[in-house]
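Because only heavy atoms are used, hydrogens play no part in the values below, and waters and symmetry mates are left out as well, while side chains stay in. Lettering follows sequence order; numbering is per chain, from 1. Computed from a prediction, not measured in an experiment: that's the story for all the values here.
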Amino acid sequence: MTDRIIFVCTLLLAGVYFWATAQIPSLELGDPLGPKAFPRILGIGLLVSAAMLFMEILRKSKKPKDGTAAAWRWEPHQWVVVAISVWTALYILTFEPLGFMISTTVYLLALFAYFNRGRWLMNVLTSVLFSVIGYFAFTKLLGVNLARGILPF
Amino acid sequence: METFTHILNGFSVAMQPINLWYTFLGVFMGTIIGVLPGIGPSAGIALLIPITYGMNPTSALIMMAGIYYGAKYGGSTTAILIRTPGEAASVMTSIDGYEMAKKGRAGAALAVSAIGSFIAGTIGVVGLTLFAVPLTSIALKFGPAEYFTLMLFAMTAVSTLTGNSPAKGVLATVFGLVIATIGIDLQSGQARYTMGIPEFQDGVGFVVVVVGLFAMAEVFRGLEDIFRGTAPPAMKITGKLWLTREEWRRSIGPIWRGGLIGFVIGVLPGAGGTIASIMSYTTEKRLSRHPEEFGHGAIEGVAGPEAANNSDTAGALVPLLTLGVPGGGATAVLLGAFIMYGVQPGPLLFQTRPDLVWGLINSMYIGNIMLVILNLPLIGLFVRLLYIPQGILFPLIVAISAIGAYAINGSTVDLWLILFFGIVGYVFGKVDIPVAPLVLSLVLGGIMEQSFRQAMTISGGDVKIFYGSTITVILLAMSVISVALPFIIPRLRALGSSGDPS
């Protein structure tokens, strides 16, 4: 089942890619191939991989035991991955408005509180120290720009 | 003779205090990265690129190479003590290494992997030194058509040899090439597939893709394991950190054989450390007079694979340095680092920057000596990293990745890309699509398109140029063979014995 979904996604990707390639305006100047030729070959490459996948699906359906990897099924615990993704998206959204130090401290503290439950002192210290030391080490010592946000330094 | 002077001169470069310091820093970080589950050498190197920006390229590359080969040493520690390979290629070590640890022989297992890694790592660097010069003289004759077919060979080999399904490998490769076409086309100045996002005009940086696919995806998997309560507990080091005479006698053969297997496999594109260590494991099991011990704590099963995956790293640098074309995911990231520093590896680099090339190669002898010290007398220090609660470690990896990614352009677009490719990497892992081919083709994509168009310009649009010379014909034939291999190997295996390691 998984492989069939990948097969359909590959065809969709190939379709979108061919369409987007056709949108590129061409200026045939000196360059005999232009910016579209290589992408067209890649689009064909996507179709080739879809065809190979189709053959693998056929072969596996003849010999059901042949598959080395079990098909992926959705399991309830995978909601945790969705939750972490959403939390990380919130972190990115607040990264510039609030600044690195505040957003990172909050982001880490919540994850620590859940995945390293009960050890409050360790969790608070690690999240605060990492954000503060990380910020100053990178901005002041290495001269790397990190978002300052609402704090004055 | 001139080469010989260059090699000697390389030693003086490698011995400069500043470069000794960066070698140490590299192998030290490499060991940490190897020990820690969740962040591998690819993500480690990628994250360092923005931070070391503006450094002297020789020192920066010496440090990154140190991370690359140092991670293999550290990976075995994790494999032995918690049965999770800290680095993908240590997967075979985790079988017998963990069994030895359970029997109270963790010390011996750690000692044999450090010593084996050192011997094999040094064999690998000697091999690299010997092979580099003859290969560059061939590579000097390469034109755009030869380069195009060479890259084609590297990609077909990687896509069909990593993972279980050649179709998914090809899909990952083409997907990487598709991502590489995003951004302004250098030849026509035309923006392609930018989706109206101004940051995409410079293309999708490989750093964020690598960090997403390797670090962020690993964070998802790690936190998922904690959530389910399946994270493995760490064993303590037991037994003396040395080998008995008997153990040493049993290990020396596997170390030599593993070192040679690893180097040869490393030079070939596609296969990489994991396959090298599996091959060494099966070889030792076949040669052994007591194959029944394998899987229950046979020291040969640790010595051979560990040796193989360490000399593999030096072997993998051969095509990267001499041809400028990497044969796997981690070396592709190294190539990305080279390019970021404005250094194009390949035959010309041996002529224009012999100090850099030989300084880098010779620093690996020193790095290996440092690594055996870090991983034997000082191993206790690194083992403590395994006792860091994983619930602390994984979130920190996200924050470190955020610093590294934001440092490149100061834009949150790069953070979104990390999250996106983290999810892609997690899903790909679940549905068994390999990510190494994607990274390789993403890094090579731009160069590949350029050489394709240059070749077509030279030939006036005639595709004959791609099968017009002996070299291109050989490379095309090898590409075809590498596509056919996955269909031939299972039949050969069916003919052979049932000595499958898993």
* Select one option (side chain, backbone, both, neither) describing which atoms of A:Val80 are under 4.5 Å from chain B's heavy atoms. => side chain

* Structure fact -> Bottom line for A:Ala89: the part with an atom under 4.5 Å from chain B's heavy atoms is both

* Winner by heavy-atom pair count (cut-off under 4.5 Å) against chain B, out of A:Leu46, A:Leu13, A:Thr104, A:Ile5 -> A:Leu46

* To do: State, yes or no, whether a side-chain contact exists between A:Tyr17 and B:Thr181 at a heavy-atom distance under 4.5 Å.
  => yes

* Aromatic plane relationship, A:Phe38 with B:Phe148 - under 30° parallel, 30 to 60° tilted, over 60° perpendicular -> perpendicular

* **Top of B:Pro395, B:Ala407, B:Gly422 for chain A proximity - count of heavy-atom pairs under 4.5 angstrom** => B:Pro395

* Side chains of B:Val398 and A:Leu108 in contact at under 4.5 Å (non-hydrogen atoms) -> no

* Structure fact -> Looking only at B:Val431, B:Val178, B:Leu419, most heavy-atom pairs under 4.5 Å shared with chain A are made by B:Val178

* To do: Please state whether the side chain, the backbone, both or neither of A:Ala50 comes within less than 4.5 Å of a heavy atom of chain B.
  => neither

* Which atoms of A:Ile92 come close to chain B, meaning under 4.5 Å heavy atom to heavy atom: side chain ones, backbone ones, both, or neither? -> both

* Asked: In terms of heavy-atom pairs under 4.5 Å with chain A, which of B:Val174, B:Thr173, B:Val219 leads?
  -> B:Val174

* **Side chains of A:Gln78 and B:Lys430 in contact at under 4.5 Å (non-hydrogen atoms)** => yes

* Using non-hydrogen atoms and a 4.5 Å limit, figure out which bit of A:Tyr114 sits close to chain B: side chain, backbone, both or neither. => side chain

* Could you tell me whether the side chain of A:Arg119 reaches within less than 4.5 Å of the side chain of B:Pro389, counting heavy atoms only? => yes

* Could you check which of B:Ser165, B:Ala172, B:Ser159 has the highest count of heavy-atom pairs closer than 4.5 Å to chain A? => B:Ser165

* Asked: What part of A:Tyr135 is in contact with chain B, defined as an atom under 4.5 angstrom from a non-hydrogen atom: side chain, backbone, both or neither?
  -> neither

* If we ignore angles and hydrogens, is there a donor and acceptor under 3.5 Å between the side chains of A:Ser85 and B:Tyr426? -> no

* Asked: Is chain B contacted by the side chain of A:Ser131, its backbone, both, or neither, given a heavy-atom distance below 4.5 Å?
  -> neither

